[in-house]
Amino acid sequence: AASTKWVRETPGAAGPGTRAGAAGVIVNGNLFVVGGESGAGRLLQNDAWSFTPGASARWLRHADLPASGTGRAYAAAAAVSQRVVVYGGQCDVSVIEARGTPCADHLWQFD
């Protein structure tokens, strides 16, 4: 039967921290989180993390998204053949605030 309640996970290691606009996707039962905005200064991130749920819940840091030193938020992500694929996003906080045109048209794959 499906679970009927929310349970807060408490992973043993530190994870990506507070985040808004991160891309997320499930691969092999793990949640992958890429990029997003963090902190009061709305810093754009290009980091990648996976979360393994359960009794041994943990975060694991992966290689950063190779985005020429800029982070991105509000990108699209999908699982394709057990790989994480990330496309697009906003790479300028001022553009996000103005709801302007996206500036990141890159397609990245992580396997």
Side-chain angles (χ1 to χ4, degrees):
S3 177
T4 58
K5 65 180 182 176
W6 288 93
V7 177
R8 183 170 183 169
E9 293 278 3
T10 53
T18 59
R19 214 44 78 98
V25 64
I26 303 292
V27 175
N28 293 327
N30 296 315
L31 169 65
F32 279 78
V33 177
V34 180
E37 299 177 64
S38 68
R42 300 188 68 188
L43 301 172
L44 294 177
Q45 304 297 319
N46 66 342
D47 53 354
W49 296 80
S50 65
F51 176 74
T52 303
S56 300
R58 63 184 166 86
W59 283 103
L60 179 62
R61 175 88 187 254
H62 297 282
D64 288 352
L65 191 63
S68 303
T70 61
R72 72 187 59 226
Y74 307 101
V80 179
S81 299
Q82 304 304 313
R83 294 184 172 118
V84 177
V85 177
V86 178
Y87 177 75
Q90 298 281 3
C91 56
D92 183 336
V93 172
S94 64
V95 171
I96 294 170
E97 291 169 349
R99 302 211 187 279
T101 305
C103 56
D105 64 352
H106 303 129
L107 179 68
W108 295 101
Q109 175 179 280
F110 179 80
D111 60 3

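In this structure, Arg19 places its CZ atom where more than 12 heavy-atom neighbours from other residues, nucleotides or ligands lie under 6.0 Å away.
Closest approach of Ala63 and Ala48 over heavy atoms only: O-CB, 3.5 Å. Between Glu9 and Gly54, the closest heavy-atom pair is OE2-N, 3.6 Å. The shortest non-hydrogen separation linking Ala75 to Ala23 is O-CB, 3.7 Å. Annotation for Leu31 and Ile26: closest pair CA-CD1, 3.8 Å, computed over non-hydrogen atoms. Here the shortest heavy-atom pairing between Pro53 and Asn30 reads CD-OD1, 4.2 Å.
Tracing side-chain contacts under 4.5 Å through hydrophobic residues (I, L, V, M, F, W, Y), one reaches Val25 starting from Trp108; they form part of the same cluster. In the hydrophobic clustering of this structure, Val27 does not group with Val33; members are Ile, Leu, Val, Met, Phe, Trp, Tyr whose side-chain heavy atoms approach within less than 4.5 Å, directly or through other members. Criterion: ILVMFWY side-chain heavy atoms under 4.5 Å apart, direct or through other members. Under it, Phe32 and Leu60 are not part of a common hydrophobic cluster.
In this structure, the side chain of Arg72 does not engage the main chain of Gly36 through any donor-acceptor pair within 3.5 Å. No donor-acceptor pair under 3.5 Å is formed between the side chain of Asn46 and the backbone N or O of Asp64.
Distance check, rounded to the nearest 0.5 Å: OG of Ser81 to CD of Gln109 gives 8.5 Å.
Side-chain contact check for Phe110 versus His62: some heavy-atom pair is nearer than 4.5 Å. The shortest distance between side-chain heavy atoms of Asp47 and Leu65 does not fall below 4.5 Å.
Under the 30°/60° scheme for interplanar angles, the aromatic rings of Trp49 and Trp59 are found to stand perpendicular.
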